[in-house]
Protein chains: 2
Amino acid sequence: MRVNAMRDVAAAVRGRRKELGLSQADLARRVGVSRAWINAVEAGKPRVEFDLVLRLLDRLHLRLDLVKPGNHGDVFKGRSVDLDAILDEYRDQ
Amino acid sequence: MRVNAMRDVAAAVRGRRKELGLSQADLARRVGVSRAWINAVEAGKPRVEFDLVLRLLDRLHLRLDLVKPGNHGDVFKGRSVDLDAILDEYRDQ
DNA sequence: CTATGAAGTCATCGTTCATTGACAAGGTGG
DNA sequence: CCACCTTGTCAATGAACGATGACTTCATAG
C-alpha cells in the first residue's frame, strides 16, 4: 500500500493494532511513546517525527519500503536518459 | 529497499538527487524546505518531520510502500490465528 | 590566481512537537 | 445499578524542530 500522507499510516496502524488486539495504551507502552501520541497518529496528525513512526510500524510488524518507480519506460533502449530529470526541469515550486 | 531508519532515506535521497543532477539548494526549493534541512536529512538526522520526508520523496519520484510482511506461514491452513499476536504477547517493553 | 557554486556547519529565533496528568463519553461485564 | 476499560481531548511544560543568515571549505571554471 502506497503512503502518500499520514492518513495512510493512520489507517494501517489502527487496523493492525486491532488485528493484534492491542489497546492504544498497550501499543504506546511497546513503542515507548505516550498514549496521546498514538491517538494523534491514528487520527492522522500530519506532522509527527519520522523515527517514531518507524518504531511504531516496527512494533506492529509493518514494513516500510522505498521504491524507485519503474523505468518501465524502457521503450527506447538506447536513451536511458532521465526522463524524470527533464520533467522536473519544467515543474516549478 | 527496506527503510529501517533515517540513514536509509538519507542514502536514497542523496543518490537520487545526484541522479537528477540537482543541488541541495535546488531540491530544497522544490520541496519547500531550507537547504540546511536537506543537508541534515542527507546526513541521516533521525528526528525529522514525517510529512516533510514524504514531500521530499515525492519530489524525487520515490515511493514509500507500507507492507505487511507475508503470512507465508500458511503451513497449517486452518489455524490462521495470529502468530504475531502470540509472539507479541511474550515480548515486553 | 580569482570567481563562482556546492556543501557543511553554526547561532539565533519562533514554532511545533511529545509528554504528562486530568477529565468526559461510550461500551462491557459483574 | 456500578466498576472498569478504552478512547478522545485538553492545558501546561520542556525539548526539539525548521528557517534564516552568515561563514568556511572545497572544487571547478574562467
Side-chain angles (χ1 to χ4, degrees), chain A residues 3-60 62 64 82 84-86 88-89 91-93, chain B residues 3-62 64 82 84-86 88-93:
Chain A
V3 177
N4 284 308
M6 269 302 293
R7 45 176 44 261
D8 300 324
V9 176
V13 166
R14 167 146 296 182
R16 188 86 174 112
R17 177 174 64 79
K18 303 238 146 172
E19 271 185 23
L20 298 177
L22 299 172
S23 71
Q24 292 182 347
D26 291 333
L27 184 54
R29 213 173 322 108
R30 291 191 180 192
V31 178
V33 296
S34 67
R35 184 177 66 83
W37 187 82
I38 296 287
N39 191 278
V41 166
E42 289 191 358
K45 179 169 186 285
R47 299 179 59 102
V48 294
E49 309 260 354
F50 191 80
D51 67 329
L52 291 184
V53 174
L54 286 184
R55 283 234 308 277
L56 169 60
L57 295 179
D58 177 65
R59 297 307 189 278
L60 289 172
L62 291 174
L64 214 48
D82 255 316
D84 287 348
I86 299 176
D88 272 338
E89 220 59 56
R91 194 146 69 108
D92 352 37
Q93 198 208 43
Chain B
V3 177
N4 284 308
M6 268 302 292
R7 45 171 46 266
D8 301 323
V9 175
V13 165
R14 167 146 295 182
R16 188 87 174 112
R17 178 174 63 80
K18 304 238 147 175
E19 271 184 24
L20 298 178
L22 299 173
S23 71
Q24 291 182 348
D26 290 333
L27 184 54
R29 213 173 321 109
R30 293 191 179 193
V31 179
V33 296
S34 68
R35 184 176 65 83
W37 187 81
I38 296 288
N39 191 276
V41 166
E42 289 191 358
K45 181 169 186 285
R47 299 180 59 103
V48 293
E49 310 259 355
F50 191 80
D51 67 327
L52 290 183
V53 175
L54 285 184
R55 282 235 307 278
L56 170 60
L57 295 179
D58 177 65
R59 297 309 189 276
L60 290 172
H61 302 126
L62 291 174
L64 215 47
D82 254 317
D84 287 348
I86 298 175
D88 272 338
E89 222 56 57
Y90 294 96
R91 191 145 72 107
D92 352 37
Q93 198 208 43

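Computed from a predicted structure; not experimentally measured.
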Rounded to the nearest Å, what distance is computed from the [atom1] atom of residue [X] to the [atom2] atom of nucleotide [N]?
{"X": "I38(B)", "N": "dG5(C)", "atom1": "CD1", "atom2": "C1'", "answer": "17 Å"}
{"X": "R29(A)", "N": "dA18(C)", "atom1": "CZ", "atom2": "P", "answer": "20 Å"}
{"X": "F50(B)", "N": "dA18(C)", "atom1": "CZ", "atom2": "P", "answer": "12 Å"}
{"X": "L52(B)", "N": "dT15(C)", "atom1": "CG", "atom2": "P", "answer": "17 Å"}
{"X": "D51(B)", "N": "dT16(C)", "atom1": "CG", "atom2": "C1'", "answer": "11 Å"}

Sub-4.5 Å side-chain heavy-atom contact between V31(A) and D58(A): no

Non-hydrogen side-chain atoms of N4(B) and L54(A) separated by less than 4.5 Å: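 No, their side chains stay 4.5 Å or more apart.
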
R29(A) with D26(A): basic N within carboxylate O range, under 4.0 Å: yes

Steps toward side-chain contact (heavy atoms from CB on, under 4.5 Å) verdict (V13(B), L57(B)): CA-CA 7 Å; V13(B) 165; L57(B) 295 179; 4.1 Å; yes

Under 4.0 Å protein heavy-atom contact, by nucleotide of nucleotides 6-16 of chain D - B base, S sugar-phosphate only: SBBB------S

Salt bridge (charged side-chain N to carboxylate O under 4.0 Å, His left out) against R7(A), all qualifying residues, sequence neighbours excluded: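 With neighbours one apart ignored, the set is empty.
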
R47(A) (side chain) donor-acceptor with E49(B) (main chain) under 3.5 angstrom: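 Not confirmed, R47(A) side chain does not pair with E49(B) backbone.
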
